[in-house]
Amino acid sequence: MDINSIPILLRRKIEALLLKHVLEVITERAGRAEAEAVIGETCSRSAIEQGAQLAALLDHTPTLEDFAAILPNWTREGALQIQPIETSVEKMEFNVTRCRYSEMYREMGLGDIGHLLSCNRDGDFCIGYNPDMELTRTQTIMKGASHCDFRYRMKKGERE
């Protein structure tokens, strides 16, 4: 089975089931701050690797258009409800108005670390996918906001 055939929402749930126990063990041995740091770094590395793997499938450096084409991987099965704002060669902007990732983590009792398990991956993904692509986000549903404001841009001077 190809791991990419598994919906990302389900992948994140499976990962969270294991990481919940990793969090508990590290918390017992080294404290909560260290446990969160390890979980955060682990998820960051995973996101960078996933970005690099998806970039390797292309015969060119990924663009925002390429990213827009794979965005349905994250929205599959209603995992995210997106309100598009603007998409161009230089930027892609949208708001997430419903996040089932956040809902799932809260149901699992992991709402307090959901940002480590999912939200922080978004910017880190860019590092592996195309380091000239950057994400700015000022709020998330995971942290209690009404929506997540995703603002992707290509860094100045790096556009083709």
Side-chain angles (χ1 to χ4, degrees), residues 1-27 29-30 32-80 82 87 89-94 96 99-106 108 110-138 140-143 148-155 158-160:
M1 171 185 274
D2 175 21
I3 192 150
N4 292 320
S5 67
I6 301 171
I8 293 177
L9 184 62
L10 178 57
R11 288 171 55 185
R12 295 294 175 261
K13 184 171 188 171
I14 294 166
E15 292 167 357
L17 289 168
L18 179 61
L19 289 173
K20 177 179 183 176
H21 297 290
V22 172
L23 178 75
E24 291 169 357
V25 170
I26 298 171
T27 297
R29 293 182 180 189
R32 181 66 180 218
E34 179 65 12
E36 288 187 18
V38 170
I39 297 296
E41 179 65 24
T42 300
C43 291
S44 174
R45 289 181 187 193
S46 174
I48 293 167
E49 180 180 300
Q50 183 183 15
Q53 289 170 346
L54 289 173
L57 297 174
L58 299 171
D59 63 356
H60 59 273
T61 301
T63 64
L64 284 173
E65 291 88 354
D66 295 315
F67 182 66
I70 63 170
L71 190 58
N73 292 336
W74 288 270
T75 63
R76 187 172 165 188
E77 298 182 355
L80 298 174
I82 292 180
T87 302
V89 173
E90 298 179 356
K91 63 184 171 179
M92 181 170 66
E93 300 181 352
F94 58 88
V96 170
C99 175
R100 288 187 52 215
Y101 297 92
S102 177
E103 294 167 12
M104 176 185 70
Y105 293 132
R106 289 188 204 298
M108 295 175 76
L110 296 172
D112 61 327
I113 63 162
H115 63 288
L116 299 174
L117 301 173
S118 280
C119 302
N120 290 356
R121 290 176 178 263
D122 299 326
D124 292 334
F125 175 87
C126 297
I127 296 167
Y129 191 65
N130 180 345
D132 294 326
M133 185 170 59
E134 60 187 354
L135 168 65
T136 301
R137 186 177 51 218
T138 64
T140 64
I141 293 170
M142 196 82 67
K143 289 287 193 173
C148 307
D149 57 340
F150 284 78
R151 306 298 183 260
Y152 288 95
R153 302 237 185 312
M154 296 306 290
K155 294 178 184 175
E158 302 297 336
R159 298 178 203 116
E160 293 182 25

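Both backbone and side-chain heavy atoms feed into the values below; hydrogens, waters and symmetry mates do not. Computed from a predicted structure; not experimentally measured.
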Least distance between heavy atoms, [X] atom then [Y] atom:
| X | Y | answer |
| --- | --- | --- |
| P131 | K155 | O-NZ, 3.0 Å |
| M142 | S118 | CE-CB, 4.4 Å |
| I141 | V96 | CD1-O, 3.5 Å |
| W74 | A79 | O-CB, 3.3 Å |
| A55 | P62 | CB-CG, 3.6 Å |
| N120 | L116 | ND2-CD2, 3.6 Å |

Gap separating the [atom1] atom of [X] from the [atom2] atom of [Y], nearest 0.5 angstrom:
| X | Y | atom1 | atom2 | result |
| --- | --- | --- | --- | --- |
| R76 | L71 | CZ | CG | 13.5 Å |
| S46 | Q53 | OG | CD | 8.5 Å |
| T75 | I70 | OG1 | CD1 | 11.0 Å |
| D66 | Y129 | CG | OH | 4.5 Å |
| M92 | F67 | CE | CZ | 4.5 Å |
| T63 | M154 | OG1 | CE | 7.0 Å |

Using only atom types and a distance under 3.5 Å, with no angle test, would you say the side chain of [X] pairs donor to acceptor with the backbone of [Y]?
| X | Y | value |
| --- | --- | --- |
| S44 | G40 | no |
| T27 | L23 | yes |
| D124 | R121 | no |
| R137 | D122 | no |
| R100 | E77 | yes |

Stepwise side-chain contact (heavy atoms from CB on, under 4.5 Å) check, R12 with M104: CA-CA 9 Å; R12 295 294 175 261; M104 176 185 70; 4.0 Å; yes
Step-by-step salt bridge (charged side-chain N to carboxylate O under 4.0 Å, His left out) determination, R32 to E36: CA-CA 6 Å; R32 181 66 180 218; E36 288 187 18; 2.7 Å; yes
F94 and F150 aromatic ring geometry - parallel, tilted or perpendicular at 30°/60° bounds: parallel
Steps toward side-chain contact (heavy atoms from CB on, under 4.5 Å) verdict (L64, T87): CA-CA 8 Å; L64 284 173; T87 302; over 6 Å; no
Test side-chain contact (heavy atoms from CB on, under 4.5 Å) applied to R29 and E34, step by step: CA-CA 9 Å; R29 293 182 180 189; E34 179 65 12; over 6 Å; no
Stepwise salt bridge (charged side-chain N to carboxylate O under 4.0 Å, His left out) check, E41 with R45: CA-CA 6 Å; E41 179 65 24; R45 289 181 187 193; 2.9 Å; yes
Side chains of T136 and R153, donor plus acceptor under 3.5 Å: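 On atom types as modelled, these side chains do not qualify, holding no pair under 3.5 Å.
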Worked check of salt bridge (charged side-chain N to carboxylate O under 4.0 Å, His left out) between E103 and R106: CA-CA 5 Å; E103 294 167 12; R106 289 188 204 298; over 6 Å; no
Audit row: L80, C148, side-chain contact (heavy atoms from CB on, under 4.5 Å) steps and yes/no: CA-CA 10 Å; L80 298 174; C148 307; over 6 Å; no
Within-4.5 Å side-chain heavy-atom neighbours: Y101 and I8: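 In short, these two side chains touch, coming nearer than 4.5 Å.
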